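Predicted model, so just to flag it, every value in this text is computed and none were measured. Counting starts at 1 for both ligands and their atoms, in listed order.
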Amino acid sequence: MDIKEFRKEAHSLVDWMADYLENVEKYPVKSQVKPGEILNSLPDSPPDYPEPFDKIFSDFEKTIMPGITHWQSPSFFAYFPANSSPPSLLGEMLTSTLGAQCMSWQTSPAAAELEERVMGWLRDMIGLPKEYTGVIQDTASIATLCSILTAREKITDYNINKTGLFKANKFAVYCSAETHSSIEKAVRITGLGSDNLRKISVDENYAMISDQLEKAIEDDIKNSITPLCVIATMGTTGSTAIDPLEKIGRICKNHKIWLHVDAAFAGSALVLPEMRWMSKGIEYADTFVFNPHKWLFTNFDCSAYFVKDEQALVRTFEILPEYLKTKEGDRVKNYRDWGIQLGRRFRVLKLWFVIRTYGVNGIREKIRKHLELGIWFKDCIEKSDSFELLAPVSLNVVCFRYHPPSINDETELNKINERLMDSINSTGNIYLTHTTLNGKFTLRMVIGQTFVDNHHVENAWQLIQDIVLLI
Ligand code: PLP
């Protein structure tokens, strides 16, 4: 493909992209294909000879599109959103076009310096104290892994990196029973072992019980196990429960334990001053992560990781072979040393575009709207005789189930609600997913898509009530 052809195809692709965004609601939100359907329609071997772009694109429309779940549909209420926005897409297009690999300052000074500046903006936007420095990671999972690795190195005077874990003390890591699975994965990868992850019980709101945390820490100390790190969650995946950060922070301070805060989804709501109750006690945190790629209109991937001790992070990860040495030394930030992988995409460009296009107030308006829609949906559930809430609604996630007065058998209720969810999703009109809370099959209504509006949530509620009559 030469540049002339690229220009022509790119123009028509941009038209296709705009049409897609305009018409995204015409597609079934959850892909309706069966396992293997796409695979079996693809040729076994690659083409030996060039194929025209027209043909490739027509196969994309015919074969690939049916297998896409439309995360950018305003009727996408599943998981947590991976929302996007037009300015983010434009930034991403430029990132791809430049194709810059931004591992060091020298490999694209603008990428490094824009990231430094925009992460400062973002820190201020969510009300984090000035002492935190930010860096973009690909995902919250990786940011948490970086945090635990840094905690591990700092406590051992950076020795495990050198000698391995063989001679190390036995360490314990603490999180709540509702914490995201990425924490356990990180504990496995860091070599600490999931047997040493203490999953602290939660209260009736699914938030960590801080007294139980303290007890677990004291028990470990009695047994000569070193408490290494606590992970507090601001907005659990199941029900957006908020762990009591201030109490947890004080415990960590008293016992000199590293504290990481996982706010992957809920962190975006901190742009609203009225939501900062969630981050009371944040000053105790050593590290904090939230994902603009979930709820800040910036397409995947873009995870904002903030650290108090920049030097500890860099000392954990830096390694400098001859071929990576550059002359600028300490005067610049080389983000290759701020995380696991060497190569880095120019991710901050899309975030910069988003923040500038909407402005802080525009972003606040959207998030506030989502919270209001969450309250509206919660009220509908509360007013209904046939549905019930299964968790407090602290943000824009409503955990609920169908529970008519005539049925009280829990096994039956679980089965009915699973059937209800499958029937709803098979309409293609909306998409929602589930979790289990207290053994109860729980439907999660997550209202955070960039363009979701009142009528999408009203239609969803109507559809749910209609389907209930059919199952
Ligand atoms: N932490 C929480 C609370 C989450 O809800 C999620 C994903 O939903 C993650 C971490 C993992 O996020 P990522 O996909 O960015 O690794």
Compare all side-chain heavy atoms of [X] with those of [Y] and state whether any distance is below 4.5 angstrom.
| X | Y | answer |
| --- | --- | --- |
| L432 | F76 | no |
| W258 | R152 | no |
| W105 | Y335 | no |
| N291 | F265 | no |

Of the backbone atoms (N, CA, C, O) and the side-chain heavy atoms from C-beta on, which set of [X] has a member under 4.0 Å from an atom of ligand 1: side chain, backbone, both, or neither?
| X | answer |
| --- | --- |
| N291 | side chain |
| D262 | side chain |
| S182 | side chain |
| A264 | side chain |

Could you tell me which atoms of ligand 1, counted from 1 in the order shown, lie closer than 4.0 angstrom to a heavy atom of [X]?
| X | answer |
| --- | --- |
| F80 | 5 (O), 8 (O) |
| T237 | 2 (C), 3 (C), 4 (C), 5 (O) |
| H293 | 15 (O) |

ask   = Could you state the interatomic distance from OG1 (T433) to OH (Y79), rounded to the nearest 0.5 Å?
value =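 Rounded to the nearest 0.5 Å, the OG1-OH separation comes out at 5.5 Å.
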
S88: which of N83, N299, T357 passes side-chain hydrogen bond (donor to acceptor under 3.5 Å, both in side chains) = N299

Got the closest protein heavy atom to [atom], with its distance?
| atom | answer |
| --- | --- |
| atom 11 (C) of ligand 1 | H180 CE1, 3.5 Å |
| atom 7 (C) of ligand 1 | K294 NZ, 3.2 Å |
| atom 16 (O) of ligand 1 | S141 OG, 2.5 Å |

task = Mark yes when over 12 heavy atoms from residues, nucleotides or ligands other than R117 sit less than 6.0 Å from its CZ; otherwise mark no.
result =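 For R117, atom CZ is not crowded (no more than 12 foreign heavy atoms under 6.0 Å).
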
ask   = In terms of heavy-atom contacts, does NZ of K308 have more than 12 from other residues, nucleotides or ligands at under 6.0 Å?
value = yes

ask   = Are any of the heavy atoms in G235 under 4.0 Å away from ligand 1?
value = yes

